[in-house]
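Proteins come first, then strands; the chains are lettered A, B, ... in the order of their sequence lines, and each starts at number 1.
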Protein chains: 2
Amino acid sequence: MEEKFRRSLYPELDDIDYGIVRALQENARLPFTTIAKELGVTEKTIRMRVQQMQDDGVLSLVGIVNPVKAGLNVESFIQIAVEADKLDDVVEVLNGIVEVRLIVLTTGDYQLFIQILVRNYEELAQFLMKKLNKVPGVTRVNVINELKILKSKFKFVR
Amino acid sequence: MEEKFRRSLYPELDDIDYGIVRALQENARLPFTTIAKELGVTEKTIRMRVQQMQDDGVLSLVGIVNPVKAGLNVESFIQIAVEADKLDDVVEVLNGIVEVRLIVLTTGDYQLFIQILVRNYEELAQFLMKKLNKVPGVTRVNVINELKILKSKFKFVR
DNA sequence: TCTGAAAATGTATTAAT
DNA sequence: ATTAATACATTTTCAGA
């Protein structure tokens with residue numbers, strides 16, 4: 001551990017934070033010295049800000065793999081209707097399933113919306129029959145298969 | 001350009017690639033020397049592999065901002081039915097709209113599935129009324145609001 | 001594998017509120 | 001009194017031959 005002192009809570013991102021985010025969302029390995037020069041502050045300032053934003057869950061610097069290149073060729077969105085009193089249990093089970101990438105509580109006819117990634121349709125069928133339909137409390141599912149991603153944007157800050 | 005020799009095409013990720021990905025998906029700024037030590041190869045090997053995987057679109061090293069911390073509090077999934085011959089046009093328009101994060105062509109009653117991020121419900125209403133419903137070719141939309149993210153996983157490689 | 005250049009790290013200090 | 005920013009010395013990493 002290096003620094004002992006931190007800003008207490010996160011009020012708002014200031015201009016320097018936004019500058020940092022704008023730079024790092026393009027390239028997570030951009031040298032802090034480069035960002036520092038650009039923003040007219042010292043490298044240590046950048047380092048501190050980045051550390052703090054990471055600690056506060058504002059910013060993550062991560063490697064993302066193209067799923068297709070990792071052999072995960074089939075992506076599906078699944079809406080799931082659940083018995084009201086079993087919702088927590090269902091979420092807990094889904095949480096433990098590796099194929100499940102995203103679980104969202106939503107408005108509408110179905111309470112849950114999940115996104116899954118599998119290698120092929122055989123695995124999708126297995127997932128639906130052996131896993132999802134066996135979860136107690138699940139009453140109805142609506143599977144929407146992804147045919148093609150037409151746009152995917154990770155950059156939130158402009 | 002630094003390295004002259006490349007593996008020809010991307011057949012499959014090998015063990016070293018997976019090791020690199022496993023390390024970088026946790027921390028995109030992890031020093032190559034650290035990864036090299038861990039995998040028992042030289043730093044240069046790591047540098048080459050990372051460069052190549054990036055060039056091949058296999059791996060991206062990016063900063064991701066928590067949208068809520070950036071003031072984007074409302075996320076919605078929207079299914080969109082489109083007149084068959086207008087699909088391309090609709091996609092093109094949607095592509096140019098900043099709120100739209102994801103556009104996917106899907107199976108099912110609706111051809112398109114999009115994900116949008118806005119600051120608040122006022123902006124959602126504006127988006128629906130002023131933008132989406134004005135796009136020629138859009139015949140029907142189904143808005144599913146996100147109440148809470150229960151799981152979100154970016155790590156594809158285990 | 002090696003080597004100079006660049007960047008990251010750690011400490012002490014200063015400034016601002 | 002606390003927190004952020006800076007200056008600077010040291011260590012580590014990077015990029016190319």
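Taking CE from B:Met53 and OG from B:Ser60, the interatomic distance works out to 11.0 Å, rounded to the nearest 0.5 Å.
Remark: P of D:dC14 and CG of B:Leu61 are 12 Å apart, rounded to the nearest angstrom. Atom CE in A:Met48 sits roughly 8 Å away from atom C1' in D:dT3 (whole-Å rounding). Residue B:Leu30 contributes atom CG, which lies 11 Å from atom P of C:dT9 at whole-angstrom precision. Residue A:Asp15 contributes atom CG, which lies 12 Å from atom P of D:dA5 at whole-angstrom precision. At whole-Å resolution of the value, NZ in B:Lys44 and C1' in D:dG16 are 7 Å apart. Protein atom CZ of A:Arg49 is 9 Å distant from nucleotide atom P of D:dT6, rounded to whole Å. Between A:Gln51 atom CD and D:dA5 atom P there is a gap of 14 Å when expressed in whole angstrom units.
At least one donor-acceptor pair closer than 3.5 Å links the side chain of B:Lys153 to the backbone N or O of A:Val98.
A cation-pi arrangement is absent between B:Arg101 and A:Phe156 under the rule of less than 6.0 angstrom and at most 45 degrees off the ring axis.
Tested against A:Val143, the residues A:Ile116, A:Ile80, A:Leu128 include a single side chain to side chain contact (heavy atoms under 4.5 Å, CB included) partner, A:Leu128. Screening B:Leu39, B:Val41, B:Thr45 for a side chain to side chain contact (heavy atoms under 4.5 Å, CB included) with B:Ile20, the sole residue that qualifies is B:Leu39.
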Any protein N or O atoms within reach of nucleotides 10-13 of chain D? Criterion: under 3.5 Å, listing atom names and distances.
| from | atom 1 | to | atom 2 | distance (Å) |
| --- | --- | --- | --- | --- |
| D:dT13 | OP1 | B:Thr33 | OG1 | 3.2 |
| D:dT13 | O5' | B:Thr33 | OG1 | 3.2 |

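Between A:Glu43 and A:Lys37 no salt bridge is recorded (no basic side-chain N to carboxylate O distance below 4.0 Å).
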